[in-house]
Each structure stands twice: as C-alpha cells, then as structure tokens.
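In this text the structure is predicted, and so the values were computed from the model without any measurement. One-based numbering, in listed order, for ligands and for the atoms of each.
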Amino acid sequence: MSRLALQGDLLDFTGLPGLDDVDSPAVRFRPDHWLLIEDGRIVAVQPQAPGEDWPREVHAGRLILPGFIDTHVHCPQLDVIASYGTTLLDWLDTYTFPAEQRFADPAVAHAGAALFLDALLAQGTTAAVVFPTVHAVSADALFEAAAQRGMRLISGKVLMDRHAPAGLRDDVAGAERDCEAQIARWHGQGRNAFAVTVRFAITSTPAQLAMAGRLLQRHAGLYMQTHVGENTDEVRWVRELFPEARSYLDVYHRHGLLNERAVLAHGIWLDEADRALLHETGAHIAFCPTSNLFLGSGLFDWQAARALGHGVSMATDVGGGTSLSMLRTLAEAYKVQALRGTRLTAWSALHAATLGAAQALHLDHELGRLEAGCMADLAVWDWAVGPVARHRDAVARGAVSPLPAQSLHARAFAWMTQGDDRNLVASYVAGQLRHRRPGSLGEPV
Ligand code: GUN
Ligand code: ZN
C-alpha cells in the first residue's frame with residue numbers, strides 16, 4: 001500500500017457559489033489540515049497529524065486545492081499559441097491548420113502529447129478535455145501519455161471532412177472505423193474516456209454529424225466535444241451551411257449530439273432558446289476567456305448562463321487561448337465579466353475550474369473535492385511570489401499596519417489575479433508527485 005500525508009491550507013467547494021457572492025457558504029477553507037492519501041485516493045481529511053508511520057510533506061502556510069480541470073484545450077496548438085493578427089476563421093487557415101498537419105507523423109504526435117501533458121501538470125492542471133487532430137495517432141498518443149501519468153483525460157480523434165486542407169480531412173466511413181477502434185481501446189480504460197470530437201459544424205458534412213450522433217447512441221457514456229457560437233463570421237457561415245436549423249446550436253441538437261456529457265467551447269453568440277436547450281439536454285459551455293479576448297471573439301455572458309441554468313466550466317483553449325495557466329485564465333474571466341457588468345468572485349471562478357467542471361463531466365465522485373473517496377489529484381500553491389504579490393498578500397492578512405486584515409475572499413482573489421505557474425509548488429496525480437518546482441518541497445519561498 002502506498003501512503004502519503006500532506007499538510008496545508010485546504011480550499012475547495014461543497015456547492016455552487018453565487019456568481020458575485022464573496023461570502024458564499026459553498027466555500028470550504030480548512031487551514032492547517034492534513035490530507036491522508038492511500039493508493040491514490042484521499043482516505044481522510046483531519047486537523048491532527050497522522051501517526052508516525054505516515055510519510056509526510058508539510059506545506060504549512062500554502063494552499064492545497066483540487067487539481068484544475070481544463071475542459072477545452074488543443075494539444076497540437078502549442079505550435080501556434082500567441083500568433084499575431086487574426087480572428088477565428090483566418091487564424092485557423094493561416095496558423096492552425098498548417099500546424100495540425102504535423103501530427104500525422106507518429107513521432108510528432110507522441111512528442112507533442114508528452115510535452116503538452118507535462119505542460120498542463122506544470123500549471124496545476126491534472127485533468128483535461130482535449131482536442132488532438134484528425135489523425136487517429138494524435139489521439140492514441142494522448143491517451144497513452146495520459147495513462148503513463150495516471151491523468152484523467154477525455155479525448156478522441158477530431159472529425160472533419162470538409163472545409164479544411166487535404167492533410168486534415170477524413171471521410172465518414174474511415175472516421176467511424178477510427179472512432180470505434182479508439183472506443184474499444186481507450187474508453188473506460190484506466191482514467192481515459194472517449195469523446196466524439198466534432199471540430200465544429202463548418203468542418204463536418206451532415207453525413208458526418210449523423211455518424212457522430214450514431215456513435216453516441218451506440219455507446220452509452222461517451223463524451224461529446226465541439227465549438228459553438230464563438231465568432232460572428234463563423235455563426236453566419238453555419239447559418240448558410242445549415243439553413244434548416246433554428247440556430248448554430250440547433251445543428252448539433254438535430255444530429256443528436258447534445259447530452260449531459262457534451263462540452264461546447266465558447267457559447268458567446270447564443271440566444272435564450274439556445275441556453276434553454278443547453279439546460280434541457282444537460283450540455284455545458286466551456287468558457288475560454290483568454291481565447292475570446294485574443295481572437296476578438298466576444299464577451300461570454302455568464303449571468304445569462306446562470307439565469308437559464310446551464311453549466312459553465314473554465315478552459316484555456318490554447319492555442320486560441322494565450323496560456324495553459326488556469327490562474328491566468330480565471331483572472332481574465334473576471335475581466336470579461338467585469339466588462340459585462342458582473343463581479344465574478346474568485347469562488348465562482350475557482351469552483352468552475354474544479355468541482356463545477358467535475359460535476360459537469362459527471363466525475364465529481366472522483367475529481368474536484370478534497371474529500372475521502374476522491375482521487376488525490378491535487379496542486380499545492382504559494383499564496384504569493386515576488387515582492388509585489390507578497391506585499392499584497394501581507395496586506396490581505398492584516399500584516400501591514402495600520403491596515404485591517406481583509407476577508408479570505410480578498411486574499412484568494414489577489415492570489416487568483418496575480419498568480420501563475422511561479423506560484424505552483426507541486427502537482428499530484430492519484431497521489432503521485434508529477435510536477436515539482438525545483439527546490440520547493442519543505443521550505444516556503
Ligand atoms: N473552432 C474550430 N476550430 C477551432 C480551434 O481550433 N480553436 C478555436 N478557438 N475555435 C475553433
Ligand atoms: Zn478550441
């Protein structure tokens with residue numbers, strides 16, 4: 001039996017915080033507590049130290065959170081992150097499609113998958129819903145690399161049979177064969193799960209969308225991932241391609257693609273009927289603020305999502321997004337919501353990146369909580385790194401006289417807004433140390 005005890009300030013959630021409720025009762029903060037881990041799972045959480053027979057790591061004065069869950073990110077797009085000067089459709093043609101063609105090569109696919117998953121772990125992200133490319137080998141490589149690291153991964157080869165260069169197109173019969181093979185090989189194997197991965201309505205023929213719907217019908221428990229309502233030119237093109245559909249989202253609905261395991265990125269350009277449909281079907285939106293700002297796509301309306309009752313998770317959407325850091329992503333989410341007149345709390349943002357995502361993916365028995373029975377997928381963070389953030393944190397703690405101590409929310413918000421991978425001390429997946437800042441264990445920075 002493998003055992004580990006971790007001590008630190010534990011932060012997680014027991015419910016859904018109000019979007020702008022800084023005093024939410026759904027926040028659970030347990031300073032100076034011990035997490036006891038056995039064979040990859042949390043077995044107890046307690047204030048007292050465990051017996052001498054427990055190997056331990058003391059992170060006194062540091063935060064411990066459930067590992068972040070990135071619900072929409074593109075493995076092959078590390079090649080094009082931070083590419084200048086375009087909006088979505090140009091960006092795909094100019095940068096992204098050429099880069100994705102490299103992943104036909106198994107050596108590129110395997111090296112790319114390893115680089116990508118290690119980069120997630122180096123940001124405190126321990127689980128992800130990932131787009132590979134159209135090439136089956138790019139998804140196989142990701143599943144293999146995730147299994148080696150013990151990570152929870154949801155992915156599947158991308159479906160695209162039109163409006164893309166020749167090296168990036170499949171066909172309905174070949175794609176169906178590849179998907180069936182990946183479902184048989186990977187779905188439910190360890191922590192891997194298969195997602196029917198429709199790039200977006202523009203790059204799949206109606207026949208391919210119908211095939212995607214058949215796969216979901218044939219195999220219970222599959223995920224579905226795609227993009228929707230990201231950019232106004234995209235929405236116009238979808239309307240031309242599918243004149244019979246009520247809306248862009250309705251294209252997916254008509255083909256049987258919306259269910260409680262569907263993850264749709266962006267959802268900026270939706271109407272009330274679309275949001276109600278998301279609620280009815282149980283599908284949810286992955287909000288990608290750095291991407292939406294970088295590509296000039298628009299401002300996601302989180303308040304409207306809450307009003308119509310559909311789920312929202314957080315995602316980096318690299319390479320349209322500009323960082324794999326979930327902290328940076330949450331900081332940008334706050335700014336996008338500020339432009340919409342909503343004061344997003346750190347609690348709502350952090351919830352959406354942990355328990356909220358786990359619930360939306362029906363994985364909350366395993367992910368998103370620091371509780372006995374959950375997998376020990378965790379990240380340990382410094383509250384502040386560098387002179388400015390440390391001073392700001394001291395102010396929040398009431399250590400700068402005569403300023404009074406601020407609320408826990410004020411402290412967490414300053415951490416979320418200023419933090420990044422420099423704050424990350426260590427990432428654990430199923431209780432195994434998978435990333436560590438050099439020289440960081442034991443001594444506070
Ligand atoms: N829509 C279709 N493909 C993509 C992609 O790769 N990135 C983003 N942001 N939107 C898309
Ligand atoms: Zn995307």
Side-chain angles (χ1 to χ4, degrees), residues 70-83 85-103 112 116 120 128-135 138-139 142 154-165 168-170 195-205 208-209 212 223-238 241-242 248-249 251-252 257 262-270 284-300 313-324 329 332 336:
D70 188 340
T71 56
H72 180 83
V73 58
H74 298 255
C75 166
Q77 294 181 13
L78 294 185
D79 290 12
V80 298
I81 189 171
S83 291
T86 55
T87 54
L88 175 65
L89 299 174
D90 277 356
W91 175 81
L92 288 171
D93 287 339
T94 308
Y95 300 114
T96 307
F97 287 160
E100 290 194 7
Q101 298 190 43
R102 289 207 312 126
F103 279 67
F116 171 77
L120 289 183
V129 185
V130 183
F131 266 65
T133 62
V134 70
H135 316 101
S138 74
L142 263 174
I154 298 171
S155 191
K157 79 149 231 104
V158 177
L159 300 174
M160 43 198 298
D161 65 347
R162 64 170 171 178
H163 299 140
L168 281 189
R169 286 199 304 267
D170 55 12
V196 173
T197 302
V198 175
R199 181 168 210 127
F200 62 163
I202 290 169
T203 45
S204 283
T205 57
Q208 187 169 63
L209 295 176
Y223 290 88
M224 197 288 289
Q225 60 174 340
T226 191
H227 299 86
V228 74
E230 176 177 5
N231 165 291
T232 50
D233 291 335
E234 169 208 23
V235 172
R236 249 190 304 279
W237 194 1
V238 171
L241 292 171
F242 298 91
Y248 186 167
L249 185 71
V251 172
Y252 298 135
L257 301 181
V263 186
L264 296 105
H266 309 298
I268 298 165
W269 305 102
L270 301 179
H284 88 276
I285 294 292
F287 172 27
C288 311
T290 75
S291 170
N292 298 164
L293 293 170
F294 184 73
L295 294 176
S297 302
L299 306 175
F300 174 69
S313 60
M314 293 300 317
T316 63
D317 191 32
V318 162
T322 49
S323 170
L324 287 176
T329 303
E332 297 309 290
V336 169

How many protein atoms of type N/O/S are positioned less than 2.8 Å from the Zn ion (ligand 2)? 4
Nearest heavy-atom pair of S313 and H284: which atoms, and what distance? OG-NE2, 2.8 Å
Between the side chain of T290 and the main-chain N/O of T329, is any donor-acceptor distance below 3.5 Å? no
At what distance is the nearest protein heavy atom to atom 9 (N) of ligand 1, and which residue and atom is it? D317 OD2, 2.7 Å
Determine the sole option in T226, V238, I202, V228 for which the side chain to side chain contact (heavy atoms under 4.5 Å, CB included) test with V251 is passed. V238
Is the contact between Y95 and ligand 1 made by the side chain, the backbone, both, or neither, using heavy atoms and a 4.0 Å cut-off? neither
Show the nearest heavy-atom pair for residues V158 and R199, with the distance to one decimal. CG1-CB, 3.8 Å
Check the angle between the aromatic planes of F131 and H72 and answer parallel, tilted or perpendicular using the 30° and 60° thresholds. perpendicular
Numbering as shown, the atoms of ligand 1 that approach H266 to under 4.0 Å (heavy-atom distance): 9 (N)
Taking every heavy atom of G321 against every heavy atom of I81, the minimum-distance pair comes out as O-CG1, 3.6 Å
Is any side-chain heavy atom of D161 closer than 4.5 Å to one of S204? yes
Backbone of H163 reached by a side-chain donor or acceptor of T203 within 3.5 Å: no
If we set the cut-off at 4.0 Å for heavy atoms, which region of T203 has an atom near ligand 1: side chain, backbone, both, or neither? neither
Are Y252 and V198 close enough that some pair of their side-chain heavy atoms sits under 4.5 Å apart? yes
Around atom 3 (N) of ligand 1, find the nearest protein heavy atom and jot down its residue, atom name and distance. R199 NE, 2.8 Å
Give me the nearest non-hydrogen protein atom to atom 7 (N) of ligand 1 as residue plus atom name, then the distance to 0.1 Å. W91 CZ3, 3.4 Å
Should one rank M160, E230, E234, Q77 by closest heavy-atom distance to atom 8 (C) of ligand 1, which comes out on top? E230
Mode of L92 contact toward ligand 1 - side chain, backbone, both, neither (heavy atoms, under 4.0 Å): side chain
With a 6.0 Å cut-off on ring centres, are F103 and H74 close enough? no
